Amino acid sequence: MPALEAHLDTERAERYLTQLTSHLSHGPGGLTVLSAAATELVIDLGTATWTIRSTPGQLVLHLQADDPADLEQQSARVAHRIEQIAHRDGLQVNWQPT
């Protein structure tokens with residue numbers, strides 16, 4: 001299954017995960033939270049699965065989809081959302097194939 005991963009260096013990883021958990025638990029745009037824990041959030045995007053992990057000093061994003069076109073589309077969607085909420089810290093999502 002095609003997958004991408006991004007590691008974002010930030011001292012606010014836990015804060016961002018908490019914020020995303022709160023926001024995404026309401027299911028905006030048809031999203032479904034599959035699991036939520038203190039250090040990890042797993043979301044069904046419909047055509048892809050997005051995992052967000054908080055580690056000391058990093059926010060780790062993992063995205064996988066059956067179809068490469070869906071992976072590309074969802075990676076842009078996820079990157080936009082992360083960059084939007086982390087604009088004050090200037091975080092940029094740079095996906096790498098896994």
Side-chain angles (χ1 to χ4, degrees):
M1 178 176 295
L4 298 171
E5 195 161 283
H7 295 255
L8 291 81
D9 293 331
T10 177
E11 294 303 317
R12 298 181 188 200
E14 185 177 338
R15 178 179 175 267
Y16 288 128
L17 181 63
T18 300
Q19 184 177 358
L20 285 162
T21 300
S22 175
H23 177 68
L24 299 175
S25 66
H26 301 293
L31 306 178
T32 304
V33 173
L34 299 176
S35 69
T39 61
E40 183 176 89
L41 177 64
V42 181
I43 302 149
D44 179 355
L45 300 174
T47 60
T49 303
W50 176 22
T51 303
I52 308 158
R53 285 190 324 270
S54 168
T55 66
Q58 276 195 335
L59 191 64
V60 180
L61 311 176
H62 182 85
L63 188 65
Q64 63 184 35
D66 290 328
D67 184 313
D70 288 336
L71 184 64
E72 183 177 335
Q73 180 184 28
Q74 294 291 5
S75 68
R77 180 181 180 194
V78 166
H80 175 74
R81 183 68 186 130
I82 292 296
E83 291 169 1
Q84 186 179 41
I85 67 165
H87 71 277
R88 289 182 183 164
D89 291 333
L91 295 183
Q92 294 286 324
V93 176
N94 295 308
W95 295 109
Q96 300 296 318
T98 62

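Note that the structure is a prediction, hence the values are computed from the model and not measured.
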Legend entry - Sub-4.5 Å side-chain heavy-atom contact between His62 and Thr98: yes
Legend entry - Straight-line distance of Leu61 CG to Ile52 CD1, nearest 0.5 Å: 6.5 Å
Inset, instruction - Identify the heavy atoms of Pro2 and Ala65 that sit nearest to each other, and give their distance. - result: CD-O, 3.0 Å
Legend entry - Euclidean distance, Leu8 CG relative to Ser54 OG, rounded to 0.5 Å: 11.5 Å
Legend entry - Shortest non-hydrogen contact between Glu72 and Ser75, atoms and distance: O-OG, 2.8 Å
Inset, instruction - Find the distance between CG (Leu41) and CZ (Arg53) and round it off to the nearest 0.5 Å. - result: 12.0 Å
Legend entry - Nearest-0.5 Å distance, CG of residue Asp9 to CG of residue Asp89: 11.5 Å
Legend entry - Cluster link Val42 to Leu20, ILVMFWY, side chain under 4.5 Å: no
Legend entry - Short side-chain donor-acceptor distance under 3.5 Å, Ser35 and Glu40: no
Legend entry - side chain to side chain contact (heavy atoms under 4.5 Å, CB included) evaluation trace for Thr51 with Ile43: CA-CA 6 Å; Thr51 303; Ile43 302 149; over 6 Å; no
Inset, instruction - Tell me whether Val33 is reachable from Leu45 by hopping between hydrophobic residues (I, L, V, M, F, W, Y) whose side-chain heavy atoms are closer than 4.5 Å. - result: yes
Legend entry - Closest non-hydrogen atom pair between His23 and Pro28, with its separation: O-CD, 3.7 Å
Legend entry - Approximate separation, where rounding is to 0.5 Å, of Leu17 CG and Arg15 CZ: 12.0 Å
Legend entry - CA sep, side-chain torsions, deciding dist, call: Glu5, Leu63, side chain to side chain contact (heavy atoms under 4.5 Å, CB included): CA-CA 6 Å; Glu5 195 161 283; Leu63 188 65; over 6 Å; no
Legend entry - Approximate separation, where rounding is to 0.5 Å, of Gln74 CD and Trp50 CH2: 10.0 Å
Inset, instruction - Report yes or no: do Ile85 and Leu59 belong to one cluster of Ile/Leu/Val/Met/Phe/Trp/Tyr joined by side chain heavy-atom distances under 4.5 Å? - result: yes
Inset, instruction - Look at the side-chain heavy atoms of Ile, Leu, Val, Met, Phe, Trp and Tyr, link any pair under 4.5 Å apart, and say whether Leu71 and Leu31 land in one connected group. - result: yes
Inset, instruction - Look at atom CD of Glu83 and say whether more than 12 heavy atoms of other residues, nucleotides or ligands are closer to it than 6.0 Å. - result: yes
Legend entry - Gln84 backbone acceptor or donor facing His87 side chain under 3.5 Å: yes
Legend entry - Linked, directly or transitively: Trp95 and Leu91 (ILVMFWY side chains, under 4.5 Å): yes
